[in-house]
Amino acid sequence: MTETLAVPAPVSARRGRMWRRFRRRPMPMAGLVLVVAFLLLALIGPLVTGDPAQQDYLATLAPPSGAHPMGTDDLGRDAFARIAHGAQVSLQAGVLSMLLAMVVGIPIGLVAGFYRRWLDPIVMRLVDVTLAFPFLVFAVGLAAIIGPSLKGVVIALGFAQLPAIIRITRGEVLAIREMDYVAAAIADGAGDGHIIFRYVLPNCASPLIVQATVAIPTAIIGESTLSFLGLGVQPPTPSWGVMLTTAQQYLSDAPWLAIWPGLMIALATLGFNLLGDGLRDVLDPRSAR
Amino acid sequence: MILRIDNLVKHYGPVRAVDGLSLEIGQGEVLGLVGESGSGKSTVGKCVLRLTEPTAGAIELDGRDITHLSRRAMRPLRRDVHMVFQDPYSSLNPRFTIGQIVGEPLLRHKVADRRTVSGRVSAMLEKVGLRQEMASRYPHELSGGQRQRVGLARALILEPRLVVADEPVSALDVSVQASVLNLITDLQRDMGFSCLFITHDLSVVEFLADRVAVMYLGKIVESGPTAEIFAEPRHPYTQALLSAAPVADPVRQRDRRRIVLGGDVPSPVDPPAGCRFHTRCPLAYDACRTEEPPLHDPRGNGHPAACHLVTADRVPDAAAHR
Amino acid sequence: MSLLEISDLTVDFDTEDGLVQAVRDISLTLDEGEILALCGESGCGKSVTAMSVPRLLPPDTTRLSGSVKLDGRELTTLPESQMRQVRGKEVSVVFQEPMTSLNPSFTVGYQISEVLRRHEGLSRQAAGRRAVELLELVGIPAPQRRMKEYPHQLSGGMRQRVMIAIAVACSPRVLIADEPTTALDVTIQAGVLDVFRDLRDRLGTAIILITHDLGVVADIADRAVVMYAGRAVEQAPVTELFANPRHPYTLGLMNALPSAAVNGRLAEIPGMVPSPLSDPDECAFQARCPRAQADCRLSRPSLERHAPEHLAACFHPGGKS
């Protein structure tokens, strides 16, 4: 018995309802606030702060003050300006690597799931191999070939996210393939391309959106890690990871140099993860119905 | 004959879902294919629509053998045969509007273009008893009964010659089911399509089928005109099925002779030797365990049964045995 | 005094869309050894009504008022720790889905014995012996062998019998069966219904049977309550109910059955169930009712006695009086 009461609601109302569901929860809302703050910092911050490379030898390792709200580093550069520019680097690394993983991973997942019989086993074994390959070794190798740079970071991180995207897409495709509406399309004579793009892809969008919000913080940490190890963004370009590398040496004299980037990484990651959890609750049809 | 199935076999790995089944559906005829879960009745429907590849046998649509047609060669024939599904929730693409869902077959088969499609869709929606405004709604905004009407509209908009309906009312509440069944009857009468109506519910079949075929473990055990089957079921399984479905009348129901079958339906992986029903049949004797009874019609009145005990002058009575 | 007395039970659920009014002012009684059917279509509140007895509704979103008395003891206010003793031992439940209600990692025998050891404090051997008896009671052939099998080795009908065996392991006074045969084939259903009949006859178990299937009601129930939009609209002994339905909804349900077709047509009930989010002071069925008149829109008919045991909530009841 599946007959339930129809409470007709137009699509806009459905979106409104999803927003209501979302808004009611404190954690996802906190996540949204953090993410918006991070975006503002990355997009507008660099415009209002000074030059992050401007050195002031008269004020090296200065504690937070009116002129330097987050203090200065060993070369007298304004930490706030560097944090803001670092946010931009983090955002680039996060979004670009996520996009890279999506653009490559979704088609592979779609095709693997749809042609389960012959393509799927091959693709999934390749995914297993990728998963077994140590990420850092790959990143070191990549840095050796194309030199340590943001480009290398994006490629390495995108590659690292690929298996998750492929798996999620494929899992969704396998479930959607079994839906009667797909059978109806086949029975109607629809071609594979039409079924994949009009029936399957739109219906696996929700989990992929969630995955995107989870991929970004992973990439932010990844970028910081690689830059911290010297495999990513190179000084003098400010990056939270690079800032942490410098800060190590001055941990007792100028602890704020480590606290700011560390705190930023933690908050940005937390924000995206909370937002992702919230989106999962709202978008997941199992919890929505 | 619109549909002729000859000795159809479909195995899924070791599972013998359909194991040698033949049936025919005439122009404008409604055949009720009845069976319990695991009987293979849905697989028959999927084979007819070529949603799954038959293992052996032949399927003829309007005199043309479609058993092994390629997807491309099959495409133009899909104008003539459509399907209505059981689950009103999974059978409509949640990302399409009702108008898109119903209009898609028209566009695919180039029967209408972007300008004329909406008029055709409105007319079809009206036929299935839905208001025109529904065209801009999404499936989740509709009730189960309304969704089933949309499924009917989609199946019928190309005016197919054959409709395969797989349990189309089983997921609906009685009051909703009644209106959908009336609608199917009306549409069938108006449009004259033939119908393979697959269901587990005998009362539904009695209501709308011209002929009935009863399946058990991948085979037909009995078939014939609906009134005949209900008045004089010949196969012990049909008799048991009819007696097991409770009637909504406590006085009659409590006074009926009931045949309670022992045991479970055997696995279709390893169906019993001889008559497939012998493990549960109250009348089984030695021959039933070794020799498979053919579907035979000793009286020659279009009412064959696959039972050793059915002869020209005798019909077994499973209820007589205790 | 009846074994179970539900009075003025009202249940609301807190949802994203607002307060869903699932059950409204239901009062009913259940005697020892009685089979009471709660029938109606999806969303009418039949399951919610029954699940209020063992308090199996989600506690954080359910708002319940009214009283549920088992043997004179109020259950709605009982502390959760005591309620746990009631569940399984005095009131137990059989659900619709035999596939998902058993734990796939344990044998059938273990799962039945576990209940006996927990609630009755039996030893391992005693529980095992009793479990075999229970499997026999629910008509499972070769129970000794079945004890060692896992749920996936059993068919749907056998699993449902095992669920019933677990439910009656501690000889509950009240057994609630929620669409227990809906997922089963008809030839299997007949056997499972016989098990319920047998339990009632042999153990005197009182059974609340939740079903949408009027055939099942006619087959096994002693008395039936027909529900619509959260309310009881009619209540009568089963033979009386079918012979002489008073409420137009009951009559509509009976006439909508495919077996009740007249001249190749079924009687439809036009329209849809009203939204459970609002509850205007009118008969909830009036918009779909062939007998509706002006007064049906002005106030809500209450459940009135039309014959000694026959109650209906309608201003214009049918049937012989």
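Note on naming: letters A, B, ... go to the chains in the order of the sequence lines (proteins, then strands), and numbering restarts at 1 for each one.
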**Interface residues of residues 201-221 of chain B facing chain C - non-hydrogen atoms under 4.5 Å apart** =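 Result: B/Ser203, B/Val204, B/Phe207.
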
**Asked** Among residues 242-255 of chain B, which ones touch chain C with a heavy-atom distance under 4.5 Å?
**Response**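 From residues 242-255 of chain B, the residues near chain C are B/Ala244, B/Ala245, B/Pro246, B/Val247, B/Ala248, B/Asp249, B/Pro250, B/Val251, B/Gln253, B/Arg254.
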
Out of [options], which one racks up the most heavy-atom pairs below 4.5 Å with chain B?
options: C/Pro141, C/Gly252, C/Gly215, C/Ala190; result: C/Gly215
options: C/Val186, C/Asp219, C/Val217, C/Leu193; result: C/Asp219
options: C/Ala221, C/Gly264, C/Ala256; result: C/Ala256

Closest non-hydrogen atom pair, [X] against [Y]:
X: C/Ile188; Y: B/Arg280; result: CD1-NH2, 3.8 Å
X: B/Glu36; Y: C/Asp185; result: OE2-CB, 2.9 Å
X: C/Thr187; Y: B/Leu241; result: CG2-CD1, 3.8 Å

Contact part of [X] toward chain B, heavy-atom cut-off under 4.5 Å: side chain, backbone, both or neither?
X: C/Glu41; value: both
X: C/Ile220; value: backbone
X: C/Asp194; value: side chain
X: C/Ala267; value: backbone

**Prompt:** Highest number of heavy-atom pairs under 4.5 Å with chain C: which of B/Ala178, B/Ser267, B/Gly38?
**Reply:**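 Result: the option with the highest number of such pairs is B/Ala178.
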
**Prompt:** Is the backbone of C/Arg265 close enough, under 3.5 Å, to the side chain of B/Asn182 for a donor and an acceptor to pair up by distance?
**Reply:**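 Here the side-chain-to-backbone pair does not exist.
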
**Over 12 foreign heavy atoms within 6.0 Å of CD, C/Glu309** =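 Incorrect, the count does not exceed 12.
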
**Crowding at CD, C/Gln153 (>12 non-hydrogen neighbours, <6.0 Å)** =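 Yes, CD of C/Gln153 has more than 12 neighbouring heavy atoms, counting only those of other groups under 6.0 Å.
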
